Amino acid sequence: MSEERLVIRRSGFPSKGEIVIGTVTRVMDFGAFVSLDEYEGREGLVHISEVAPGWIKDIRDHVKKGQKVVCKVLDTNPKRGHIDLSIKDVNERQRREKLQEWKSEQRAFKWLEIAGEKVGVDRKELEKIGKKLLRKFDSIYAAFEEVAYEGYEVIAKIAGEELAKEIAELAREHIKPSTVSVRGYFELKSFAPDGIERIKKALSVVKKYRSDGAEIEVEYVGAPKYRIVIRTEDYKAAETLLKKVIDDVTKAMKKLGGEANFVREAI
């Protein structure tokens, strides 16, 4: 990995009304140019009238080169590459929330970089994966949150199983979700005259695992599929419980003369 810090940026232009964060690159008498930190190669202009309320004698009393600013997008013109911004139209709550969101995103960039280093994914490939995560989840931090809640499977197709599992480890370490869930479905078959009853009996072993600490749902999807969803406060506990359920239902089904197969399912 390069020593340069990993940053994943969006392509395209921000939307009108969007709250963005940027870095002041130039300060002119008529306004300040701001490089948008979240967008690749995009720069906007904050006209002097949009820097602060009231009359401004010297714009440099309000903004300086290198300063981080939170702005509202007033308008965009993709054909001309213009982005009009306002600092004064951002209230204090919006500014605080955006700064916190950006700090969280910086942490997520670092976690992604660490995960990539551990499994040997080079920077160029990591940036491609990061942009795919950004498109799907709207932020890298949100992708880590989703993995913390739902497990590595939600990003396995994008990141590959090895990297996805490493991301899941970091997500569970740094993000503490209120509940997590794991899921999959059984393919249960019985050719006996009372086959449906036998399948129901095999699935009934799930009842013994229901408790205040775990929620287990059994849902009929369509022959021969029966979905199992387990929700708990701890991912490892959910995984352990799922394994027990798989083993017990499989054993019960085979003991009753039927067939059982379990398929893990991403949410």
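For this chain, numbers begin at 1 and follow the sequence in order. What you are looking at is a predicted structure, and each value in this text was computed from that prediction instead of being measured.
- Classification of R10 and D138 as a salt-bridged pair holds, one side-chain N sitting under 4.0 Å from a carboxylate O.
- Both I175 and F109 belong to a single network of hydrophobic side chains, linked directly or stepwise wherever heavy atoms of I, L, V, M, F, W or Y lie under 4.5 Å apart.
- For the pair E38 (side chain) and I21 (backbone), a donor-acceptor distance under 3.5 Å is present.
- Its side chain within the 4.5 Å cluster rule, I56 clusters with F13, V20, V24, V27, V34, L36, Y39, V46, I48, V51, I59, V63, V69, V73, I83, L85, I87 among the Ile, Leu, Val, Met, Phe, Trp and Tyr residues.
- Panel note: side chain R26, backbone K65; no donor-acceptor pair is recorded below 3.5 Å.
- Taking the ring centroids of Y226 and F186, they lie at or beyond the 6.0 Å cut-off.
- For Y185, there are no ring pair (Phe, Tyr, Trp, His ring centres under 6.0 Å) partners two or more places apart in sequence or in a different chain.
- For H82, there are no ring pair (Phe, Tyr, Trp, His ring centres under 6.0 Å) partners at least two apart in sequence or on another chain.
- Taking the charged nitrogens against the carboxylate oxygens, D29 and R60 do have a contact shorter than 4.0 Å, which makes a salt bridge.
- For NZ of K64, the number of neighbouring non-hydrogen atoms (other residues, nucleotides, ligands) closer than 6.0 Å is greater than 12.
- Note: the hydrophobic cluster containing L74 does not contain V90 (ILVMFWY, side chain heavy atoms under 4.5 Å, direct or indirect links).
- Partners of D247 under the salt bridge (charged side-chain N to carboxylate O under 4.0 Å, His left out) rule, at least two apart in sequence or in another chain, are K243.
- Of all non-hydrogen atoms in A164 and A156, the two that sit nearest each other are CB-CA, 3.9 Å.
- The environment of K189 atom NZ is sparse: at most 12 non-hydrogen atoms of other residues, nucleotides or ligands sit within 6.0 angstrom.
- Residues K124 and E127 are not paired through a salt bridge, judged by the lack of any N-O separation under 4.0 Å between the basic side chain and the carboxylate.
- Panel note: side chain S86, backbone D89; a donor-acceptor pair is recorded below 3.5 Å.
- Looking at R172 and E169, a side-chain N of the basic residue comes within less than 4.0 Å of a carboxylate O on the acidic one, giving a salt bridge.
- A search for side-chain hydrogen bond (donor to acceptor under 3.5 Å, both in side chains) contacts involving R135 returns nothing, not counting sequence neighbours.
- Applying the salt bridge (charged side-chain N to carboxylate O under 4.0 Å, His left out) rule to E187 yields no partners; only residues at least two apart in sequence or on another chain are considered.
- Both Y209 and I199 belong to a single network of hydrophobic side chains, linked directly or stepwise wherever heavy atoms of I, L, V, M, F, W or Y lie under 4.5 Å apart.
- Salt-bridge annotation for D37 and K68: present, with a side-chain N of the basic residue lying under 4.0 Å from a carboxylate O of the acidic one.
- Residues meeting the side-chain hydrogen bond (donor to acceptor under 3.5 Å, both in side chains) test with E217, sequence neighbours left out: R231.
- Considering every non-hydrogen atom in both V182 and A238, the closest pair reads CG2-O, 3.7 Å.
- The shortest distance between side-chain heavy atoms of Q67 and T25 does not fall below 4.5 Å.
- A heavy-atom distance below 4.5 Å is found between the side chains of K131 and E40.
- With sequence neighbours excluded, no residue forms a salt bridge (charged side-chain N to carboxylate O under 4.0 Å, His left out) with E50.
- Proximity of a side-chain donor or acceptor of R198 to a complementary backbone N or O of L256 within less than 3.5 Å is detected.
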Test side chain to side chain contact (heavy atoms under 4.5 Å, CB included) on L112 and F144 and set out the steps.
CA-CA 9 Å; L112 182 60; F144 272 82; 4.3 Å; yes
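- Note that CD of Q106 and CG of L6 are 10.0 Å apart. Values are rounded to the nearest 0.5 Å.
- With E125 contributing its side chain and D122 its backbone, the two residues share no donor-acceptor pair below 3.5 Å.
- For R93, the side-chain hydrogen bond (donor to acceptor under 3.5 Å, both in side chains) criterion is met by E97, not counting sequence neighbours.
- Ring-plane geometry between Y141 and W111 is classed as tilted, the angle between the planes lying from 30 to 60 degrees on a 0 to 90 degree scale.
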Should E215 and T232 be marked as a side-chain hydrogen bond (donor to acceptor under 3.5 Å, both in side chains) after you check the CA-CA gap, both sets of side-chain angles, and the distance that decides it?
CA-CA 7 Å; E215 179 186 343; T232 67; over 6 Å; no
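- Taking the charged nitrogens against the carboxylate oxygens, E153 and R264 do have a contact shorter than 4.0 Å, which makes a salt bridge.
- Listed for the K98 side chain is a donor-acceptor partner under 3.5 Å among the backbone atoms of I19.
- Put simply, CD on E166 and CD on E161 are 13.0 Å apart, with the number rounded to the nearest 0.5 Å.
- Contact check for I114 versus L170: side-chain heavy atoms found under the 4.5 Å cut-off.
- Summarising the hydrophobic clusters (Ile, Leu, Val, Met, Phe, Trp, Tyr; side-chain heavy atoms under 4.5 Å, direct or chained), the residues clustered with F33 are M28, F30, L45.
- The CZ atom of R183 sits 7.5 Å away from the CD atom of E219 when rounded to the nearest 0.5 Å.
- Between I246 atom CD1 and N261 atom CG the span is 10.0 Å, to the nearest 0.5 Å.
- Contact annotation: the side chain of I8 never approaches that of L126 to less than 4.5 Å [non-hydrogen atoms, C-beta and beyond].
- Separating the CG atom in L242 from the OG atom in S181 is a distance of 11.0 Å, to the nearest 0.5 Å.
- Screening R107, R5, R123, K118 for a salt bridge (charged side-chain N to carboxylate O under 4.0 Å, His left out) with E113, the sole residue that qualifies is R123.
- At most 12 heavy atoms of other shown residues, nucleotides or ligands fall within 6.0 angstrom of atom CD1 in I196.
- Both M253 and Y220 are assigned to one and the same hydrophobic cluster, defined by single-linkage of ILVMFWY side chains at heavy-atom distances under 4.5 Å.
- A donor-acceptor contact shorter than 3.5 Å links the side chain of R42 to the backbone of G12.
- The closest donor-acceptor contact from the side chain of N91 to the backbone of Q94 lies under 3.5 Å.
- Members clustered with W55: none, using a 4.5 Å side-chain heavy-atom cutoff among hydrophobic residues.
- By the criterion of side-chain heavy atoms lying less than 4.5 angstrom apart, applied directly or through intervening Ile, Leu, Val, Met, Phe, Trp or Tyr residues, L203 is not grouped with V221; the two fall into different hydrophobic clusters.
- Between the CD1 atom in I140 and the CG atom in L134 there is a gap of 5.0 Å [rounded to 0.5 Å].
- The nearest pair of heavy atoms linking S190 to G195 is OG-CA, 3.4 Å.
- Scanning for side-chain hydrogen bond (donor to acceptor under 3.5 Å, both in side chains) contacts around N77 gives an empty result, with sequence neighbours left out.
- Within the 4.5 Å cutoff, no side-chain heavy atoms of V245 are placed close to those of F262.
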Does T250 form a side chain to side chain contact (heavy atoms under 4.5 Å, CB included) with D248? I'd like the steps, not just the answer.
CA-CA 5 Å; T250 301; D248 282 5; over 6 Å; no
Is there a side chain to side chain contact (heavy atoms under 4.5 Å, CB included) between H174 and E145 once you walk through the steps?
CA-CA 9 Å; H174 294 286; E145 281 189 312; over 6 Å; no
